[in-house]
Amino acid sequence: MKLLLCLSIFFISSLPSSYSCNSKDKNTLLQIKKHFNNTEFLSSWDPQTDCCTSWTGIECTNGRVTLFSMANYRTLYGQIPDQIGDLLELRTLEMSHMKLTGNIPRTITKLKHLVFIFLRWNKLSGPIPDYISELKSVTFLDISFNKFTGPIPGWLTQMPKLQTFQADNNSLTGPVPNSFGSFVGSVPNLFLKNNKLSGKIPESLSKMDFQAVVLKGNGFTGDGSMFFGGNKRTVQVDLSRNLFEFDLSKIKFGKSLAMLDLSHNRIFGTLPRELTQLRLERFNISYNRLCGKIPRGGQLQTFKSYEFAENRCLCGSPLKKAC
Ligand SMILES: *[C@@H]1O[C@H](CO)[C@@H](O)[C@H](O)[C@H]1NC(C)=O
Ligand SMILES: *[C@@H]1O[C@H](CO)[C@@H](O)[C@H](O)[C@H]1NC(C)=O
Ligand SMILES: *[C@@H]1O[C@H](CO)[C@@H](O)[C@H](O)[C@H]1NC(C)=O
């Protein structure tokens with residue numbers, strides 16, 4: 001009986017290696033290694049061994065490469081190789097924390113199964129290419145900390161599976177597109193902090209129930225109230241360091257709001273009582289034009305006074321100024 005158990009364990013554990021690396025995929029990876037001048041970082045990519053079992057950053061399913069991850073090779077430069085588009089079964093593409101330049105190659109559109117794209121912390125530049133919209137399975141697109149320029153593409157709304165668009169710290173310009181008032185799939189999380197975006201947020205976004213919207217450090221103007229609403233399930237809103245100008249007194253907050261940063265804007269009015277009913281983890285309304293008594297209760301008095309500081313005439317705890 002014990003022997004039988006041992007034998008079956010042996011067979012089960014030996015199953016995966018019965019699929020060795022697909023020879024086309026292996027060849028593609030070796031070309032990619034050559035593109036990077038056979039860098040030391042890829043020394044484990046030895047043609048004599050199975051790419052699925054012993055090559056750094058590679059994972060396979062049934063012998064096909066499904067995960068490609070080059071990360072933290074901080075001195076490695078060059079462009080994203082065209083050959084990446086030949087890893088036809090790829091689900092996850094990660095090339096992050098390197099010094100990659102140029103744009104994302106068009107060959108990426110051959111990767112019909114691609115779900116996750118992580119290209120953060122490189123020096124990629126140019127406009128976000130239109131052909132990304134052909135990748136209909138992508139749920140997570142992270143191009144943050146690069147040098148992308150040009151507008152936020154309106155076609156992001158046409159990506160049926162998109163759940164998160166992360167483009168912090170680039171040089172994107174122009175407004176949030178009007179098309180963001182309707183997405184063919186679910187409404188994605190938007191992380192657009194530290195770009196050069198500007199203009200008014202389209203009113204149509206009031207229909208959208210974002211889980212997270214981070215617009216910190218841009219030049220947005222006017223109304224920002226469309227991100228709030230009593231029925232929304234939004235968890236995080238960060239509008240800090242913009243030129244938003246609206247009346248906070250009129251805002252209704254959804255029960256799930258946990259992180260609110262409105263600091264460094266031109267927001268006026270008083271703090272709604274309702275804020276005491278939220279389970280807030282982060283709260284910052286400093287450097288605005290708010291007035292009146294800070295409502296007592298909930299989490300509000302647990303925040304530091306500097307998170308309420310530099311307003312026109314706010315008073316009451318945790319500020320020292322009495323009403
Ligand atoms: C590879 O070598 C060529 C020729 O020396 C050079 O032009 C290129 O920049 C190198 N690429 C990388 C990624 O080191
Ligand atoms: C991101 O952008 C902010 C604001 O422009 C800047 O202060 C910060 O240094 C940037 N971070 C990096 C890593 O470039
Ligand atoms: C709130 O904003 C102020 C002013 O920019 C800043 O000093 C403080 O660190 C912020 N607090 C948090 C928790 O981010």
Side-chain angles (χ1 to χ4, degrees), residues 27-47 55-58 68-87 93-105 107-108 118-128 141-152 164-176 189-199 212-221 224 236-244 259 261-266 282 284 286-288 306:
N27 205 11
T28 299
L29 292 173
L30 289 170
Q31 283 172 41
I32 291 172
K33 182 177 176 181
K34 196 166 158 216
H35 169 92
F36 289 112
N37 290 347
N38 298 315
T39 166
E40 276 297 304
F41 291 119
L42 301 178
S43 55
S44 71
W45 293 17
D46 174 355
W55 291 21
T56 310
I58 302 300
F68 178 101
S69 169
M70 284 176 79
N72 298 312
Y73 303 151
R74 284 165 201 268
T75 55
L76 192 60
Y77 63 94
Q79 304 215 350
I80 299 176
D82 284 342
Q83 291 91 336
I84 205 77
D86 295 328
L87 298 170
L93 170 61
E94 170 165 39
M95 297 183 93
S96 58
H97 290 269
M98 297 192 288
K99 288 193 161 60
L100 298 178
T101 51
N103 208 321
I104 304 167
T107 54
I108 198 174
F118 303 103
L119 298 172
R120 59 177 172 258
W121 290 94
N122 282 294
K123 294 175 183 302
L124 300 171
S125 61
I128 302 169
L141 177 56
D142 182 358
I143 55 166
S144 48
F145 296 92
N146 277 288
K147 296 176 180 300
F148 284 103
T149 49
I152 302 170
T164 296
F165 177 60
Q166 199 137 21
D168 296 341
N169 280 69
N170 279 282
S171 296
L172 301 177
T173 49
V176 168
N189 298 318
L190 290 182
F191 297 97
L192 297 168
K193 107 180 155 193
N194 299 331
N195 277 282
K196 295 173 177 160
L197 300 165
S198 59
V213 191
V214 176
L215 304 181
K216 177 179 183 168
N218 283 286
F220 290 117
T221 51
Q236 181 180 15
V237 179
D238 185 345
L239 306 182
S240 63
R241 296 182 185 271
N242 279 285
L243 303 164
F244 283 111
M259 291 178 262
D261 194 340
L262 301 175
S263 59
H264 291 269
N265 279 288
R266 298 167 174 176
R282 256 190 263 158
N284 198 339
S286 60
Y287 294 86
N288 276 293
Y306 60 73

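As the structure lists them, so they are numbered: ligands from 1, and atoms in each ligand from 1.
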For ligand 1, list all ligand N or O to protein N or O distances below 3.5 Å, rounded to 0.1 Å.
unit_1	atom_1	unit_2	atom_2	d
ligand 1	2 (O)	Asn37	OD1	3.3
ligand 1	2 (O)	Asn37	ND2	2.3
ligand 1	11 (N)	Asn37	ND2	3.0
ligand 1	14 (O)	Asn37	ND2	3.2
ligand 1	14 (O)	Tyr77	OH	3.4

Regarding [X] and [Y], do their side chains bring together a donor and an acceptor under 3.5 Å, going by distance alone?
X: Asn194; Y: Asn169; answer: yes
X: Arg74; Y: Asn72; answer: yes
X: Gln166; Y: Thr164; answer: no
X: Asp142; Y: Ser144; answer: yes

Quiz item: At their closest point, which heavy atom of Phe148 faces which heavy atom of Asn103, and how far apart are they?
Solution: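 Closest heavy-atom pair between Phe148 and Asn103: CE2-OD1, 3.4 Å.
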
Exercise. Report yes if Trp121 has an N/O atom closer than 3.5 Å to an N/O atom of ligand 2; otherwise report no.
Key: no

Quiz item: Do you know which of Ile104, Ile80, Ile108 makes side-chain contact (heavy atoms from CB on, under 4.5 Å) with Leu93?
Solution: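 Of the listed options, the one satisfying the test is Ile108.
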
Quiz item: Taking only heavy atoms of Asn169, which atoms of ligand 2 are found under 4.0 Å from at least one of them?
Solution: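 Counting atoms of ligand 2 from 1, those under 4.0 Å from Asn169 are 1 (C), 2 (O), 3 (C), 8 (C), 10 (C), 11 (N), 12 (C), 14 (O).
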
Quiz prompt | Residue pair Met70 / Phe36, side-chain heavy-atom distance below 4.5 Å | solution =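 Counting from C-beta outward, Met70 and Phe36 do come under 4.5 Å.
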
